[in-house]
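Notes follow the structure.
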Amino acid sequence: MLKKKFVFATNNAHKLDEVRAILRDKVEILSMKDIDCRDDIPETADTLEGNALLKARYIYERYHMDCFADDTGLEVEALNGAPGVYSARYAGNTHNSEANMRKLLQELESKENRTARFRTVFALIINGKEHMFEGIVNGRIATEKHGIAGFGYDPLFIPDGFTQTFAEMGNEQKNRISHRALATEKLCRFLGK
Ligand code: IMP
């Protein structure tokens, strides 16, 4: 049987790989390159939900294809939920993960509470109707970077129940327990997969 196709509205190759690995034989995921879209979709909303919707609508309005988008934030308790929706630009507009992690470690230097969570919001548009799914993984921020797998803040995030960061445990394990995996599972359930 033909697999249902969705465009994943992201230019982040890591996110694309993760979601493709999680959805494997259930759904076919097209990248923005696959539909010949080279645009950098502006993320101007001040919530994860708003940005996920902006990205999905951008694709749906121009290409009229079923699609979804993800927006993710790292929410740190001692920083009142920062960097949150501004996680990509935490250390400035260059979207530099090394600089973002450096800033996060500095901000937490004097704090005992290192509790944090990753929150992903998926916006799905199917047959013109919008649906939202959320995935949350709780954990804590390590005192220094560990591991080289993954991307973004992965070298600093230790999920609850584990001693290794996402970057140490590697993609296979991350894809079983991550915020994005949880949101993807909800999307699958909605699609009856
Ligand atoms: P966005 O969802 O692409 O806007 O990502 C926001 C920020 O969080 C960027 O700095 C990403 O690198 C980072 N980020 C998103 N998802 C993850 C993840 O799964 N692990 C670590 N960092 C992530």
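In each ligand, atom 1 is the first atom listed, and ligand 1 is the first ligand listed. We use all heavy atoms of the structure for the numbers below, so side chains are in, but hydrogens, waters and symmetry mates are not.
- R38 and D36 are joined by a salt bridge, as a carboxylate oxygen and a charged side-chain nitrogen come within less than 4.0 angstrom of each other.
- Taking a cut-off of under 4.0 Å to the non-hydrogen atoms of D70, the atoms of ligand 1 that pass are 2 (O).
- Ranking the protein heavy atoms by distance from atom 6 (C) of ligand 1 puts T72 O, 3.3 Å first.
- At the shortest separation from atom 16 (N) of ligand 1 among protein heavy atoms lies R180 NH2, 2.7 Å.
- For atom 4 (O) of ligand 1, the closest heavy atom belonging to the protein is D71 OD1, 3.2 Å.
- Relative ring orientation between F118 and F166 is described as parallel, the plane-to-plane angle staying below 30° on a 0-90° scale split at 30° and 60°.
- Looking only at protein heavy atoms, the nearest one to atom 14 (N) of ligand 1 is F151 CE1, 3.8 Å.
- With hydrogens left out, the protein atom closest to atom 22 (N) of ligand 1 is Y153 N, 3.0 Å, a heavy atom.
- Among protein heavy atoms, atom 2 (O) of ligand 1 sits closest to K15 NZ, 2.6 Å.
- More than 12 heavy atoms of other residues, nucleotides or ligands sit less than 6.0 Å from atom CZ of R176.
- Each of the atoms 20 (N), 21 (C), 22 (N), 23 (C) of ligand 1 lies under 4.0 Å from some heavy atom of F118.
- Polar contact with ligand 1: present for H179 (N/O pair, distance under 3.5 Å).
- Around atom 21 (C) of ligand 1, the closest heavy atom drawn from D154, V137, T165 belongs to D154.
- Ring pair F151/H14 is parallel by interplanar angle, where below 30° counts as parallel and above 60° as perpendicular.
- Judged by distance alone, with hydrogens and angles left aside, the side-chain atoms of K55 form no donor-acceptor pair with the main-chain N or O of E43 at under 3.5 Å.
- Classification of the H131-F133 ring pair by plane angle, with boundaries at 30° and 60°, yields parallel.
- In terms of modelled atom types and a separation under 3.5 Å, the side chain of N100 and the main chain of A88 share a donor-acceptor contact.
- Atom 12 (O) of ligand 1 has G152 CA, 3.4 Å as its closest protein atom, hydrogens excluded (heavy atom only).
- The 12-atom threshold is exceeded at NZ of K4, counting heavy atoms of other residues, nucleotides or ligands nearer than 6.0 Å.
- Near K174, the atoms of ligand 1 lying under 4.0 angstrom from a non-hydrogen atom of the residue are 18 (C), 19 (O), 20 (N).
- Protein heavy atom nearest atom 10 (O) of ligand 1, with residue, atom name and distance: A88 CA, 3.3 Å.
- Residue S87 has at least one heavy-atom neighbour below 4.0 Å for each of these atoms of ligand 1: 6 (C), 7 (C), 8 (O), 10 (O).
- Proximity of E43 to ligand 1, defined as any heavy-atom pair under 4.0 Å, is confined to the side chain (atoms from C-beta onward).
- A salt bridge between E77 and R140 is absent, with no side-chain N of the basic residue lying under 4.0 Å from a carboxylate O of the acidic one.
- Other residues, nucleotides and ligands contribute over 12 non-hydrogen atoms within 6.0 Å of the NZ atom of K103.
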